[in-house]
Amino acid sequence: MIFDYPTLKLIWWLLVGVLLIGFAIMDGHDMGVGTLLPFVGRNDEERRVIINTVGPHWDGNQVWFITGGGAIFAAWPLVYATAFSGFYWAMLAVLWALFFRPVGFDYRSKIHHAGWRRTWDWGLFVGGAVPPLIFGVAFGNLLQGVPFHFDANLVPYYTGSFFGLLNPFALLTGVVGSAMLTFHGAIYLAHRTEGEIQRRALRAALIFGVLMLAGFSAAGLWLAYGDFGYVLVTAPDPAALPNPLTKSAVHAAGAWLANYGRQPATLALPALAYAGGVAALALAARRRTLAAFVASALALTGVIGTAGGSMFPFVLPSSTVPGASLTVWDAVSSQRTLSIMFWATLIFMPLIIAYTGWAYRVMAGKVTAAYIREHEHSAY
């Protein structure tokens, strides 16, 4: 094996982050378009234009979502088991919302009936708006700590409730998550359309871009002055087999900002969120929509990276028994599993990026009302 166990644990922390950011950039923009669909499209033809900007790509982008979930399952099985126990109803709500997407995309335009199409427009809205809101709420709860503990056999027990997840800080981070992907989707929509639809999309980008930056700033201040954070008292051995019960940790207000003092280079992450967001707004205002899309992708990277960088090495802190928190060092699979997954990722990740790039290049260009009329029976 080329890499030792501690290095593989760090590599997989980075790779899970890359997959989550890839999901936010690729699947996030079509979720953002779905969120805007009932508001930016004023009639059936305009809504078909909007749907066809993402229709050929949305299922390919789902690969990032599935791969991210699969990577967490295989690389961090304790995180997967514990988080899915605590967030069970939240995850079910995400899945129920996602059900509307394949059916909505495929069946909306099969029947020429206003009520039928209007119903699926709102179904696509639910499929686009609910997941980022819940993912944002989940991140808010991670930053606060989740009420769970393990028994002596490492069986996790969640002691909170579904409604306990909907606390004020988590709702704020839910707004950040929702605004972030809607902003990204609005810029993508402006890039793929023209005329009135593009003008409305740019207005939506301004609203949700400002909301994202304001929410991100408010969450940062809340973290700085609120009662959030955990620190390791005795760290686990990075080279040891995973056992979260071999360390001790305590709750410490403001601890999530300590990493920026120890490693000043990590300040680049929140700086990237602000720089990318401001640049995307400025470029969108000048209608340089492709460059704005790249800038908004960088903003997403900065926001998600800030959350991960602040919590390092914690992955899933426990608010009730901090010593049972899951970290990069004690939440992972065996060295052999991480090593096999690493080589599989090294082979398949470039293939995913290559075919995604090819698909977007082949189907590039504006989607117009004329295109919908010419492809009345084949377009979404």
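Count residues from 1 along the sequence.
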Please work out whether the ring planes of F23 and F135 are parallel, tilted or perpendicular, with thresholds of 30° and 60°.
perpendicular
Side-chain donor-acceptor contact under 3.5 Å, D4 with T7:
yes
Same apolar cluster: M180 and L298, side chain cutoff 4.5 Å:
no
When rounded to the nearest 0.5 angstrom, what is the spacing between CG in L181 and CE in M212?
10.0 Å
For R199, look at atom CZ and say whether over 12 heavy atoms of other residues, nucleotides or ligands are found less than 6.0 Å away.
yes
Using a 6.0 Å cut-off, check whether atom CD of E45 has over 12 heavy atoms from anything other than its own residue.
yes
Is the backbone of S248 close enough, under 3.5 Å, to the side chain of T234 for a donor and an acceptor to pair up by distance?
yes
Pairing of K9 and D330 as salt bridge, 4.0 angstrom limit
no
Under the side-chain contact (heavy atoms from CB on, under 4.5 Å) test against I50, which residue among V40, L124, D121 passes?
V40
For the pair T82 (side chain) and V79 (backbone), establish whether a donor and an acceptor sit closer than 3.5 Å, ignoring hydrogens and angles.
no
In terms of heavy-atom contacts, does CZ of F73 have more than 12 from other residues, nucleotides or ligands at under 6.0 Å?
no
Non-hydrogen side-chain atoms of L206 and F183 separated by less than 4.5 Å
no
Is any side-chain heavy atom of F125 closer than 4.5 Å to one of V130?
no
Cluster check I72, M341: I/L/V/M/F/W/Y, side chain < 4.5 angstrom
yes
Enclosure of W89 CH2 (heavy-atom neighbours >12, cutoff 6.0 Å):
no
Can you list the steps and then say if W64 with I352 is a side-chain contact (heavy atoms from CB on, under 4.5 Å)?
CA-CA 9 Å; W64 291 94; I352 294 172; 4.2 Å; yes
W329 side chain reached by L10 side chain, heavy atoms, under 4.5 Å:
yes
Stepwise ring-ring contact (aromatic ring centres under 6.0 Å, His included) check, W120 with Y107:
CA-CA 8 Å; W120 285 115; Y107 289 103; 7.6 Å; no
Answer yes or no: is there an ion pair linking R101 with D30, defined by an N-O contact shorter than 4.0 Å?
yes
Which atom of V231 lies closest to which atom of A255, heavy atoms considered
CG1-CB, 3.6 Å
Step through it carefully: locate the ring centre of F39, locate the ring centre of W122, and say whether they are under 6.0 Å apart.
yes
Evaluate ring-ring contact (aromatic ring centres under 6.0 Å, His included) for F228 paired with W256, printing each intermediate quantity in order.
CA-CA 7 Å; F228 304 128; W256 289 150; 9.1 Å; no
Please say whether more than 12 non-hydrogen atoms of neighbouring residues, nucleotides or ligands are located less than 6.0 Å from CZ in F348.
no
Below 30° counts as parallel, above 60° as perpendicular, anything between as tilted: where do the rings of F150 and F148 land?
perpendicular
Verdict with supporting geometry, R117 and R47, side-chain contact (heavy atoms from CB on, under 4.5 Å):
CA-CA 10 Å; R117 293 188 174 187; R47 291 179 179 180; over 6 Å; no
Student check: side-chain heavy atoms of F216 and Y274 closer than 4.5 Å:
yes
Are R287 and E194 ion-paired here, with the side-chain N under 4.0 Å from a carboxylate O?
no
Got a second to check how far W343's CH2 is from T345's OG1, nearest 0.5 Å?
11.0 Å
Return the orientation label for the F293 and H184 ring planes: parallel under 30°, perpendicular over 60°, tilted otherwise.
parallel
Shortest non-hydrogen contact between F314 and Y230, atoms and distance
CE1-O, 3.4 Å
Could you go through V146 and F87, starting from their C-alpha distance and side-chain angles, then the distance that decides it, and tell me whether this counts as side-chain contact (heavy atoms from CB on, under 4.5 Å)?
CA-CA 10 Å; V146 178; F87 299 156; 3.9 Å; yes
If I take atom CG from residue N52 and atom CE from residue M363, how far apart are they, to the nearest 0.5 angstrom?
11.0 Å
Plane angle bin for Y188 and H29 - parallel if under 30°, tilted between 30 and 60°, otherwise perpendicular:
tilted
Of the options T266, L269, T301, which is the one that meets T306 in a side-chain contact (heavy atoms from CB on, under 4.5 Å)?
L269
Decide yes or no for D227 and H251: does some side-chain heavy atom of the first lie under 4.5 Å from some side-chain heavy atom of the second?
yes
How about Y380 and P56: do any of their side-chain heavy atoms sit closer than 4.5 Å?
yes
Can a donor-acceptor pair be found, under 3.5 Å and without considering hydrogens, that links the side chain of K247 to the backbone of G323?
yes
Minimum heavy-atom distance R48-S109, with the two atoms named:
NE-OG, 3.4 Å
Assess whether atom CZ of R288 is packed by more than 12 heavy atoms of other residues, nucleotides or ligands within 6.0 Å.
no
Keeping H375 on the side-chain end and S378 on the backbone end, is there a donor-acceptor pair under 3.5 Å?
no
Between G127 and L98 the two heavy atoms that sit nearest each other are O-CD2, 4.2 Å
Indicate yes or no: at least one non-hydrogen side-chain atom of N141 is less than 4.5 angstrom from one of N167.
yes
Are the side chain of Q144 and the backbone of G140 linked by a donor-acceptor contact shorter than 3.5 Å?
yes
Can you see which heavy atom on S217 is nearest to which on L213, and at what distance?
OG-O, 2.8 Å
Can you check side-chain contact (heavy atoms from CB on, under 4.5 Å) on F342 and W12, steps first, answer last?
CA-CA 8 Å; F342 171 76; W12 271 101; 4.0 Å; yes
When hydrophobic residues are tied together by side-chain contacts of less than 4.5 Å, even through go-betweens, does L211 share a cluster with V33?
yes
Starting at CG of L19, measure out to CE of M349 and round the result to the nearest 0.5 Å.
4.5 Å
If you measure from CD1 on I25 to OG on S296, what distance do you get to the nearest 0.5 Å?
8.0 Å
Min side-chain heavy-atom separation Y88-L92 under 4.5 Å
yes
Which heavy atom of H57 sits nearest to which heavy atom of A359, and what is that distance?
CE1-O, 3.6 Å
Using a strict threshold of under 4.0 Å (side-chain N to carboxylate O), is an ion pair present between R42 and E196?
no
At what distance, to the nearest 0.5 angstrom, does OH of Y5 lie from OG of S339?
11.5 Å
In terms of hydrophobic clustering (I, L, V, M, F, W, Y; side-chain heavy atoms under 4.5 Å; direct or indirect links), are I353 and I66 co-clustered?
no
